[in-house]
Amino acid sequence: MELKLNQLKDLAAKGIKTPSFDVEGMIEKTKKDPAWVHFGAGNIFRGFIANLQNTLLEKGLSDKGIIAAETFDFDIIDKIYTPYDNLTLLVSLNADGSTKNSVVASIAEGVKGNLSDEASAARLREIFENPSLQMISFTITEKGYALTNASGEVFPFVAKDFENGPKSPSHAMSVVTSLLYTRYLKGQYPLAVVSMDNCSHNGEKVELAVKRIAKEWLDRGYVDAGFVAYVSDESKISFPWSMIDKITPRPSEEVKKNLDELGVENMAPIVTSKNTFIAPYVNAEVPEYLVVEDKFPNGRPTLEEAGVYFTDRDTVNNTETMKVTTCLNPLHTALAVYGCVLGFDSIYKEMNDPQLKALVEKIGYVEGMPVVVDPKIIKPESFIKEVIEERLANPFIPDTPQRIATDTSQKVAIRFGETIKSYVKREDLSPKDLTFIPLALAGWMRYLLGVNDKMEAFELSSDPMLSELQEKLAGIKVGDVDSYKGQLKNILSNAVIFGVDLYEVGLGDKVEGMFLELIAGKDAVRNTLVKYLR
């Protein structure tokens, strides 16, 4: 049996949850009067966002689905959507090692976001001309919104879109702006433009990109001033902010074997021409959070009935801050740097290590929670407990410390610096009282030496500051404490990296002292962790 509309009964007979709603009726209504288009047809969409709408359909709270548009990797539509009737097999990975299989059938149509293709362009413009369209959303990664490089220079392909106008642009943001222009010309109908990507101020990123492109086209005579006014009027086009949190890792071979044993055929992952590793199934952790600013000028689906939090922008920001500065991201980074030095290849295995588990508990519960930002809609205590006891420890989530260690220099100012700054601001607290956050920072410095706890070299993850930082650490040798001549001082005093000058807040000397313990020789990292985390 296969993942096909005409074989849903066979799948149900194997214990796979299948839709109880009229899928074909949903498809017909959605195509006729679409309400929601999502750009970015990958795993987080199929395994989370599409399943939210699936829940509404199951509850009888909607009779329409979502149209999925892929702007980057068109193979996904040809090889993962079309052959499987736009169905997804969602495999939920429970923390106890069990799984639950269900068919997500809320995707009514898969479209290539390719305005250079006549058929795709015609269909997308038809969709955007329909007054029924309420929202478009995105999971295209933070890079999908960028028009410029780190130096502020416009990417060549974006510059080409500026010059060529709205007819057939290539960049995702140019494609969307072109489609908004189509909607403007048809009737200036309202629409919510919602980023659901896992990045701070995501709504602002898409808003700035759309408005920049609209202005560039106005300057070149491709659009009129009314269009710029249209995308700048919140009563017409809104750009809600959101916070999303759910892990949908790459397809697991173990999950594939389980589906083979059930008799579900043709489930093998593929590698697309754009090097996307994707499968007809999505394996995902169970916990999931989506918090969205409630600003929808043309109405919206009742996604709160599927667990989405609708609120104001400040609460979205506070939820993001809670996650990024206290309850999840700092713990991830601490596990990443120490996991690499101690030779671990997965995060969940680290959570079986008594010292590393104690480290994240101390960073989160002891040092983070006293200054945590409470968003009120989600209890920080419950969130972090779930992170530590279920999410990080889930053996089915094959995340690696090596992946999490990527770009650490760009992360520590937020993940640790914000907590340190909160301690500075509080009269009843002092950053000098912190122990475990400094231990994590010293661990990052130790990691940058590229030598593990057994005195063997290992490969460091990519980081834009890697060569600069290693140059400053030159001369330090693991096993030779005397090789340290104060090389850390220039790094630890850098407020751009850490959010604060660690010496000014009384932590620089403490981090240096811990670092010296960590480089003492073979097994010094383990011995240091044991010392501080008995």
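Values below: every heavy atom of this structure, side chains too, minus hydrogens, waters and symmetry copies.
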Can you find a side-chain donor-acceptor pair between [X] and [Y] that sits under 3.5 Å?
X      : Y      : result
Asn394 : Arg391 : no
Glu58  : Ser20  : yes
Asn202 : Ser242 : yes
Ser178 : Arg125 : yes

If only atom types and distance count, is the side chain of [X] paired as donor or acceptor with the main-chain N or O of [Y] below 3.5 Å?
X      : Y      : answer
Lys411 : Thr406 : yes
Asp161 : Ser174 : no
Thr139 : Gly40  : yes
Asp197 : Ile140 : yes
Ser132 : Ala35  : no
Thr88  : Tyr281 : no
Thr400 : Arg403 : yes
Arg183 : Asn130 : yes
Asn283 : Ser252 : yes
Arg46  : Asn51  : no

Result block: side-chain N/O donor-acceptor pairs under 3.5 angstrom for residues 340-350, not counting sequence neighbours:
{"residue": "Asp345", "atom": "OD1", "partner": "Lys349", "partner atom": "NZ", "Å": "3.2"}
{"residue": "Ser346", "atom": "OG", "partner": "Lys349", "partner atom": "N", "Å": "3.4"}
{"residue": "Glu350", "atom": "OE1", "partner": "Gly339", "partner atom": "N", "Å": "3.4"}

Does the distance from a Lys or Arg side-chain N to an Asp or Glu carboxylate O, for [X] and [Y], drop under 4.0 Å?
X      : Y      : value
Asp73  : Lys112 : no
Lys295 : Asp312 : no
Asp353 : Arg526 : yes

Item checked: Candidates Lys323, Lys246, Met243 - the one meeting side chain to side chain contact (heavy atoms under 4.5 Å, CB included) with Asn198 -> Lys323
Name every donor-acceptor pair, under 3.5 Å, that has one atom in a side chain of residues 260-271 and the other anywhere in the protein, sequence neighbours excluded.
{"residue": "Asp260", "atom": "OD1", "partner": "Lys256", "partner atom": "NZ", "Å": "3.2"}
{"residue": "Asp260", "atom": "OD2", "partner": "Lys256", "partner atom": "NZ", "Å": "2.7"}
{"residue": "Glu265", "atom": "OE1", "partner": "Met1", "partner atom": "N", "Å": "3.1"}
{"residue": "Asn266", "atom": "ND2", "partner": "Glu2", "partner atom": "OE2", "Å": "2.2"}

Checklist line | Within 45° cone of Phe72 ring axis and under 6.0 Å: Lys274 NZ or CZ | finding: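 Yes, a cation-pi geometry holds between Lys274 and Phe72.
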Would you say the side chain of [Y] lies within less than 4.5 Å of the side chain of [X], judging by non-hydrogen atoms?
X      : Y      : result
Asn298 : Leu133 : no
Val372 : Met322 : yes
Tyr81  : Ile76  : yes
Leu439 : Lys362 : no
Gln53  : Pro301 : yes
Leu93  : Val286 : no
Trp444 : Ser409 : yes
Thr311 : Glu293 : no

Note to self: With ring-ring contact (aromatic ring centres under 6.0 Å, His included) as the rule and sequence neighbours excluded, what pairs involving residues 241-279 come up?
What the structure shows: His201-Trp241
Next item on the list: Any pair with a residue in residues 122-142 that passes ring-ring contact (aromatic ring centres under 6.0 Å, His included), sequence neighbours left out, goes on the list, sorted by first then second residue, please.
Entry: Phe39-Phe138
Just to verify, what does [X] make a side chain to side chain donor-acceptor pair (under 3.5 Å) with, not counting sequence neighbours?
X      : value
Thr326 : none
Asp96  : Ser98
Thr71  : none

Item checked: salt bridge (Lys or Arg N to Asp or Glu O under 4.0 Å) contacts in which one or both residues fall within residues 19-42, not counting sequence neighbours ->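 Sorted pair list: Lys29-Asp63.
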Next item on the list: Return each pair, listed once, that meets salt bridge (Lys or Arg N to Asp or Glu O under 4.0 Å) where at least one residue sits in residues 128-142; pairs must be two or more places apart or across chains.
Entry: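 Counting only pairs at least two positions apart or across chains, the salt bridge (Lys or Arg N to Asp or Glu O under 4.0 Å) contacts touching residues 128-142 are Glu142-Lys205.
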If you measure from [atom1] on [X] to [atom2] on [Y], what distance do you get to the nearest 0.5 Å?
X      : Y      : atom1 : atom2 : answer
Leu290 : Met196 : CG    : CE    : 5.0 Å
Leu466 : Thr408 : CG    : OG1   : 9.5 Å
Asn6   : Lys9   : CG    : NZ    : 11.0 Å
Met135 : Ser238 : CE    : OG    : 9.5 Å
Leu90  : Asn101 : CG    : CG    : 8.5 Å

Margin query: Is the ring pair Phe310/Phe296 parallel, tilted or perpendicular, if the boundaries are 30 and 60 degrees?
Written below: perpendicular
Next item on the list: Take Glu126 and Arg123, measure what salt bridge (charged side-chain N to carboxylate O under 4.0 Å, His left out) needs, and give me the verdict at the end.
Entry: CA-CA 5 Å; Glu126 179 186 29; Arg123 177 57 182 144; 2.9 Å; yes
Next item on the list: Take Asp75 and Thr272, measure what side chain to side chain donor-acceptor pair (under 3.5 Å) needs, and give me the verdict at the end.
Entry: CA-CA 6 Å; Asp75 280 356; Thr272 69; 4.6 Å; no
Item checked: Residues in ring pair (Phe, Tyr, Trp, His ring centres under 6.0 Å) contact with Phe396, at least two apart in sequence or another chain ->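 Applying ring pair (Phe, Tyr, Trp, His ring centres under 6.0 Å) to Phe396 gives none.
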Margin query: According to ring pair (Phe, Tyr, Trp, His ring centres under 6.0 Å), who are the partners of Tyr145, at least two apart in sequence or on a separate chain?
Written below: none
Check: Does NZ belonging to Lys59 count more than 12 external heavy atoms closer than 6.0 Å?
Finding: yes
Check: Are Met351 and Leu335 close enough, and set up right, to give a side-chain contact (heavy atoms from CB on, under 4.5 Å), and what steps lead you there?
Finding: CA-CA 9 Å; Met351 293 303 289; Leu335 290 172; 3.9 Å; yes
Checklist line | Which atom of Leu57 lies closest to which atom of Gly65, heavy atoms considered | finding: CD1-CA, 4.5 Å
Can you give the donor-acceptor pairs under 3.5 Å from side chains of residues 375-386 to other protein atoms, not counting sequence neighbours?
{"residue": "Lys385", "atom": "NZ", "partner": "Glu389", "partner atom": "OE1", "Å": "3.0"}
{"residue": "Glu386", "atom": "OE1", "partner": "Tyr289", "partner atom": "OH", "Å": "2.5"}

Margin query: Pair Val104, Leu87 - check side-chain contact (heavy atoms from CB on, under 4.5 Å), show working.
Written below: CA-CA 6 Å; Val104 177; Leu87 301 172; over 6 Å; no
